[in-house]
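In what follows, every chain begins at residue 1, and chains take the letters A, B, ... in the order their sequences are listed. Any value given below was found using the heavy atoms of this structure, including those in side chains, with hydrogens, waters and symmetry copies removed.
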Number of protein chains: 2
Amino acid sequence: MDLSQVSDVVILRLPMYVRALSQLLDAGSEVVDSKTLGRLIRIAPAQVRKDLSYLGKFGKQGQGYSVPYLRDELRRILGLDRRWTACLVGVGNLGQAIIDYPGFVPGGFSIVAAFDSDPELVGKSIGGIPVRPMSELDGTVEASEITIGIVAVPASQAQSVIDRLVDAGVQGILNYAPVAPHVPERVILRNIDPVLSLQSMTYYLLQGSRPD
Amino acid sequence: MDLSQVSDVVILRLPMYVRALSQLLDAGSEVVDSKTLGRLIRIAPAQVRKDLSYLGKFGKQGQGYSVPYLRDELRRILGLDRRWTACLVGVGNLGQAIIDYPGFVPGGFSIVAAFDSDPELVGKSIGGIPVRPMSELDGTVEASEITIGIVAVPASQAQSVIDRLVDAGVQGILNYAPVAPHVPERVILRNIDPVLSLQSMTYYLLQGSRPD
DNA sequence: CAATGTGAATATATTCACAGCG
DNA sequence: CGCTGTGAATATATTCACATTG
């Protein structure tokens, strides 16, 4: 099975399958069919089967998919059977909420270092993680083998912080700043931008009241 | 120009254009061409022109687009020339960071009420907004004409909170909980899910080290 | 003559529909 | 039988390429 050709939209959906399968597992289900799995994440059954077919043959005709088996396979394919280490840059309100967010650890991610340029914050400890000065970024990324940089700084600083993380060697960036940053081809970028989400939502909210 | 047929992907991109145009305006640019605008948000020039062509004819051949004019038109189309009121449910770490996040207000959104089920939090004031008990949700949404509900509660409570917001009359939900909630057709849902973003990122991070 | 606006061409994505297997 | 796995059909999205126009 040639994974390198699987398209991006499919890969983006895989974590949703993993999450749904984990739920099913917790609920004690042994098998699941594409209809049920699809309903959990609001994806058509044919789409579920097609997505999975790009990765292998995981099901049994007439029965469905083994919940624990399919979950493990998808987790392995996504690399979620390892632990990934990340650092956080920007320990303001948002950054503190990110450190304290309980969802990353079960998801497979550990934030092992935090950096901020504010001397008031440096030296403090947030959620058990010491806040280091920006000057220690490069050394720490290398020493702790950090592969992911999480960026929670103001828009104006985001690009330079991202450049710095990339230079230090991270392979992925999770960017919370409201900018469209540039990264080299080899670096994977994900943006978290609730304002953009809301600003497209309003278009549809208007429909209800827009004079046609 | 029939806006009701414009596809979702196009609408999702419009706020990015608005943001880029606002930057250009701040920088003093009067006109912009599709190449420059596209470069700012990493979209191909032909895509920029095609997207805009679904909404009208905003440019001048040989010149480009008037920055202030195009920005205003897009803002109007998205409904960003009005102010939208939202309420927040769940005033934990994440909720507090959301209230304090300075990006919503310039984006066109005001959080005018906050709710939590924790009696310790109720009555306190976070970022100038009093935290109310859940029992006041329905009445406040109606009285303050709140159209958007922002959900920052644990996964286990998300669906019931969302049901409650929908029943109270909100038309849009911005969901930060790691679940795929069900909402009626008429309600617009946007999910903010950084863990899913990271979990698809790892697939690509693995590529560098995956034995082919 | 430089850049838009847009049909036509291409590429991606989703859905259908059914053969084939457990 | 009931479901998967999958080609074929359809629907969406992007890109090309150029006629058009200020």
Engineer: Minimum heavy-atom separation for B:Phe115 and B:Leu137, please, with both atom names.
Structural biologist: CE2-CA, 3.5 Å
Engineer: Figure out the CG/P separation between B:Leu52 and C:dT4, and round it to whole Å.
Structural biologist: 9 Å
Engineer: What's the shortest heavy-atom distance between A:Gln47 and A:Arg13, and which atoms?
Structural biologist: NE2-NH2, 3.1 Å
Engineer: Mind calculating the distance between OH (B:Tyr65) and P (D:dT21) to the nearest angstrom?
Structural biologist: 16 Å
Engineer: A quick test of your reading: do over 12 heavy atoms of other residues, nucleotides or ligands sit less than 6.0 Å from CD of A:Glu30?
Structural biologist: no
Engineer: Taking only heavy atoms on the protein side, list every residue of residues 24-35 of chain A lying under 4.0 Å from any atom of DNA chain D, sorted numerically.
Structural biologist: A:Asp33, A:Ser34
Engineer: Is the backbone of B:Tyr69 close enough, under 3.5 Å, to the side chain of B:Ser66 for a donor and an acceptor to pair up by distance?
Structural biologist: yes
Engineer: Assign a letter to each nucleotide of nucleotides 13-22 of chain C from its 5' end: B, base within under 4.0 Å of a protein heavy atom; S, sugar-phosphate only; -, no contact.
Structural biologist: SBBBB--BBS
Engineer: Please answer whether the main-chain N or O of A:Arg19 pairs with a side-chain N or O of A:Arg71 as donor and acceptor at a distance below 3.5 Å.
Structural biologist: no
Engineer: What residues form a side-chain contact (heavy atoms from CB on, under 4.5 Å) with A:Thr36, not counting sequence neighbours?
Structural biologist: A:Val32, A:Asp33, A:Arg39
Engineer: Is it the case that the side chain of B:Trp84 and the backbone of B:Ile146 share a donor-acceptor pair, with hydrogens and angles ignored and the cut-off at 3.5 Å?
Structural biologist: no
Engineer: Are B:Ile11 and B:Val6 side-chain neighbours, meaning at least one heavy-atom pair lies under 4.5 Å?
Structural biologist: yes
